[in-house]
> 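Before anything else, here's the structure in question.
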Amino acid sequence: MSFPLLTATAALPAIGAIATAAVPAAQRVAAKWLALLVSLATLVLAAIVLVRFDPGGDRYQLTESHAWIKDFGVRYELGVDGIGVALVALTALLIPFVILAGWHDADPQETGNSRWRPTQGFFALILAVEAMVILSFEATDVFLFYIFFEAMLIPMYFLIGGFGDRAHEHGDDAAATQRSYAAVKFLLYNLVGGLIMLAAVIGLYVVAGNFSLQEIVQARASGSLHMATSTERWLFLGFFFAFAVKAPLWPLHTWLPNAMGEATAPVAVLITAVVDKVGTFAMLRFCLQLFPEASKWATPVILVLALISIIYGALLAVGQRDIKRLVAYASISHFGFIILGIFAMTSQGQSGATLYMVNHGISTAALMLVAGFLISRRGSRLIADYGGVQKVAPVLAGTFLIGGLATLSLPGLAPFVSEFLVLVGAFERYPAVGIVATFGIVLAALYTLVLYQRTMTGPVKAEVAEMPDLRVRELLVVAPLIALLIFLGVYPKPVTDIVNPAVQQTMSDVHKTDPKPEVEAAK
C-alpha cells in the first residue's frame with residue numbers, strides 16, 4: 001500500500017493543532033515555534049504533492065479510498081485534480097506567513113488586557129483550520145467534503161470572536177461586543193448555508209445511491225443515472241447557496257466586512273485568502289460536475305450576481321474609512337470576478353478564475369498583513385489617522401504600495417494575468433457582461449490609489465512621526481509574498497500548466513466548448 005500522502009498533508013496540521021494546544025501555559029514561545037515548524041513541514045508535504053502530480057495524467061491523482069460508514073455509502077475518498085492541488089499548495093504556503101505575522105497577536109503583554117489569552121489556542125486553531133481546508137480541497141466523497149466544509153466554521157468562530165483586532169476605535173467592552181457580533185454573524189450565515197447544503201446532500205444520495213463524486217459523474221456521463229430536471233435544479237441550488245455564502249457572493253456577503261474588520265490581520269488573511277476559496281473551488285468541483293444542466297440553467301442569474309458583487313464591492317471600498325473593511329469590500333469585488341470566470345463557461349474564464357484564486361490569496365495576504373503591521377504601530381484602523389508614512393517608514397510604504405498595485409491588477413503583477421483571462425473568457429461568450437465587469441478595474445484603481453495617497457503621502461502626522469519601519473520578522477513575512485506576486489505576474493505558466501487540464505475536463509462535464517471567433521474566412 002502506497003504512502004497516504006494526501007491524508008498526511010491534512011493530518012500533520014491536525015496533529016500539530018492538538019500538540020500546540022497541549023503545550024504548558026507558561027511555554028508560549030515553544031507553542032509558537034511548534035506551530036511554525038508544523039506549518040513548514042505541511043508546506044514540504046504539499047510541495048511533494050505538487051511535484052508528484054502529473055498534469056497530463058489521470059484527472060484525480062494520489063487517490064485514497066476506504067470504507068467508512070458502509071450502511072450509508074460514505075467512504076473516505078481523497079484525490080486531487082489540477083485545481084485542487086494548486087489550492088492545497090496555496091493553503092500550505094500561506095499558513096507559515098499567517099503564523100509569523102500573528103506571532104504576538106495572542107500574547108498577554110501585547111494585548112493590554114489583564115486577562116490571560118491562550119496563545120497556544122490561537123496557533124492551534126490556525127493549524128486546525130489549515131487541516132480542514134486542505135481536506136476540503138482533497139475530498140472526492142460529497143459527504144466527507146460536507147463534514148469539513150462545516151467543521152472549519154468552529155475554529156474560525158473562536159479566532160474571530162476570541163482573538164479580535166486590538167486596534168479598535170471603541171473601548172474594550174464595545175470592541176468585545178463588536179467581535180462577538182462579527183463571530184456570531186459569520187457562524188450563522190455559514191451554518192444556514194451548510195444546513196441547506198445538507199438537505200441537498202441527502203437528496204443527492206436518494207437519487208444517486210452513494211456520495212462518490214467520481215462514481216456519480218461517471219454514471220451521469222454513461223447514462224446509467226438519470227436525474228429529473230427539477231430535481232437537478234433544486235439540488236444545484238442547495239449546493240450553490242452554501243458555496244455562495246462562503247465565497248462570498250452578493251447578497252450573501254454581509255458577514256465578511258464584519259469578520260475581517262474585527263479579526264486580527266492574520267486571521268483576516270485566513271478568512272479571505274484561504275477559507276473563502278473553498279466556496280469558489282466547490283462551485284467548480286461539485287456544482288458544475290454534479291449538476292451540469294442546472295449550472296447552465298442558472299448561469300444568467302449567477303452572472304448578474306457576480307457583476308453586482310464586482311461593482312458593489314468596489315464602490316463600497318471607495319467609500320470606506322476603515323483600512324481592513326476596505327480590503328474586505330475589495331475582496332468581495334474580486335470574488336465576483338472569480339465567479340464570473342467560473343460561470344462564463346469558457347476555458348479562458350475558468351483558467352483565469354482558478355488562477356485568480358491563487359493570485360488573490362497571495363496579493364490579499366501581502367496587502368492585509370502589511371496593513372496589519374501598519375495598524376499595530378499606530379493603534380488605529382482609520383485611514384484619516386495616517387499621513388506621510390512613506391517618509392518615516394519607506395520599506396513599509398513600498399510593500400504596501402506593491403500589495404495595493406497587485407490588488408488593482410497592475411500588469412507585471414500576478415492578479416493581472418488572472419483578471420485578464422477572466423475578462424477575455426467573459427467577452428467571448430457574454431460581451432455585455434465583460435464590458436460591465438471592466439468598470440470594476442477602474443474602481444479598483446480608485447480605492448487603491450486613494451488609500452495609498454491618504455495613508456502614505458502628504459505631511460507627516462505627529463502620531464506617525466516615530467513609526468518604525470518593518471522589522472526582520474515582518475520582512476520575512478512580506479518579502480516572499482512580494483517576490484511571488486512579481487514572479488507569477490511575469491511567468492504564470494507553472495500554475496496554468498497544472499490547472500488547464502482540469503479546466504478542460506470540467507468544460508467537458510458541462511458539455512461546453514469555447515465559442516469560435518466570428519471572423520470572415522479568408523478568400
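Sequence positions, counted from 1, serve as the residue numbers for this chain.
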> Using a strict threshold of under 4.0 Å (side-chain N to carboxylate O), is an ion pair present between Glu262 and Arg325?
no

> Keeping the roles fixed (side chain from Arg233, backbone from Ser295), state whether a donor-acceptor pair exists under 3.5 Å.
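It does not hold such a pair.
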
> Just do the side chain to side chain donor-acceptor pair (under 3.5 Å) check on Thr448 and Thr407 with the steps written out, would you?
CA-CA 7 Å; Thr448 300; Thr407 298; 5.4 Å; no

> Ignoring hydrogens, what is the shortest heavy-atom contact between Leu305 and Pro251? Give both atom names and the distance.
CD2-CD, 4.5 Å

> Please check: side-chain N/O of Ser333 versus main-chain N/O of Ile310, any donor-acceptor pairing under 3.5 Å?
yes

> In terms of side-chain heavy atoms, does Tyr76 have a donor or acceptor partner in Thr7 at a distance below 3.5 Å?
yes

> Tell me if the centroids of the rings in Tyr157 and Phe186 come within less than 6.0 Å of each other.
no

> If only atom types and distance count, is the side chain of Arg220 paired as donor or acceptor with the main-chain N or O of Leu290 below 3.5 Å?
yes

> Closest heavy-atom contact between Ala67 and Lys70?
CB-CE, 3.6 Å

> May I ask you to check whether Tyr312 and His253 place their ring centres under 6.0 Å from each other?
yes

> Hey, is the main chain of Gln348 close enough, under 3.5 Å, to the side chain of Ser351 for a donor-acceptor pair?
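Answer holds: no.
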
> Report yes if the side chains of Leu204 and Phe239 come closer than 4.5 Å at any heavy-atom pair, otherwise no.
yes

> Quick one: does Glu293's side chain have a donor or acceptor within less than 3.5 Å of a partner on Glu232's backbone?
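It does not hold such a pair.
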
> Taking the side chain as everything from C-beta on, heavy atoms only, tell me whether Leu369 gets closer than 4.5 Å to Leu481.
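Counting from C-beta outward, Leu369 and Leu481 do come under 4.5 Å.
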
> State, to 0.1 Å, how close Gly434 and Leu423 come at their nearest heavy-atom pair, and which atoms those are.
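The pair with the smallest heavy-atom distance is O-CD2, 4.0 Å.
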
> I need the minimum non-hydrogen distance between Ile441 and Leu408, along with the two atoms involved.
CG2-O, 4.5 Å

> We want to know whether Thr272 and Thr364 form a side-chain donor-acceptor pair, criterion being a heavy-atom distance below 3.5 angstrom.
no

> Step by step, would you call Phe148 with Val278 a side-chain contact (heavy atoms from CB on, under 4.5 Å)?
CA-CA 10 Å; Phe148 294 107; Val278 178; over 6 Å; no

> Taking the side chain as every heavy atom from C-beta outward, state whether Leu45 and Leu12 have any pair of such atoms under 4.5 Å apart.
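Answer yes - side chains close enough.
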
> When you measure from the side chain of Gln320 to the backbone N and O of Leu316, does any donor-acceptor pair fall under 3.5 Å?
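A pair under 3.5 Å: yes.
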
> So, do His360 and Phe335 have ring centers that fall under 6.0 Å from each other?
yes

> Please report the shortest heavy-atom distance between Ile160 and Ala263, naming the atom on each side.
CG1-CB, 4.5 Å

> Mind checking whether Glu130 and Val133 have side chains closer than 4.5 Å, heavy atoms only?
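They are not in contact (no side-chain heavy atoms under 4.5 Å apart), so the answer is no.
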
> Are Gln289 and Gln214 side-chain neighbours, meaning at least one heavy-atom pair lies under 4.5 Å?
no

> Test your reading of the model: is there a side-chain donor-acceptor pair from Gln350 to the backbone of Ile342, 3.5 Å cut-off?
yes

> Let's go through Leu153 and Glu150 carefully: what are the C-alpha distance in whole Å and the side-chain angles of both, what is the deciding distance for side-chain contact (heavy atoms from CB on, under 4.5 Å) to 0.1 Å, and is it a yes or a no?
CA-CA 6 Å; Leu153 302 179; Glu150 286 293 275; 3.9 Å; yes

> Looking only at the aromatic ring of each residue, does the gap between the centers of Tyr205 and Phe143 stay below 6.0 angstrom?
no

> Indicate whether the side chain of Ser212 and that of Asp141 have a donor and an acceptor atom separated by less than 3.5 Å.
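There is no such pair (donor and acceptor under 3.5 Å, judged by atom type) between the side chains of Ser212 and Asp141.
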
> Could you verify whether a donor N or O on one side chain and an acceptor N or O on the other, from Tyr189 and Thr254, lie under 3.5 Å apart?
yes

> Looking only at non-hydrogen atoms, find the nearest pair between Ser136 and Met152 and report the distance.
OG-CE, 3.3 Å

> Measuring only between side-chain heavy atoms, which start at C-beta, is Leu485 closer than 4.5 Å to Pro415?
yes

> If we only count heavy atoms from C-beta on, is the Tyr356 to Thr280 side-chain gap below 4.5 Å?
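They are not in contact (no side-chain heavy atoms under 4.5 Å apart), so the answer is no.
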
> For Ala92, does its backbone N or O pair with a side-chain atom of Thr42 as donor and acceptor, under 3.5 Å?
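Answer holds: no.
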
> Measure from the side-chain N and O atoms of Thr63 to the backbone N and O of Leu78, and report whether any donor-acceptor pair falls under 3.5 Å.
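No.
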
> Is the shortest side-chain heavy-atom distance between Ile271 and Trp255 below 4.5 Å?
yes

> Can Thr346 and Arg429 be counted as having a side-chain donor-acceptor contact under 3.5 angstrom?
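Arg429 and Thr346 do not have a side-chain donor-acceptor pair below 3.5 Å.
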
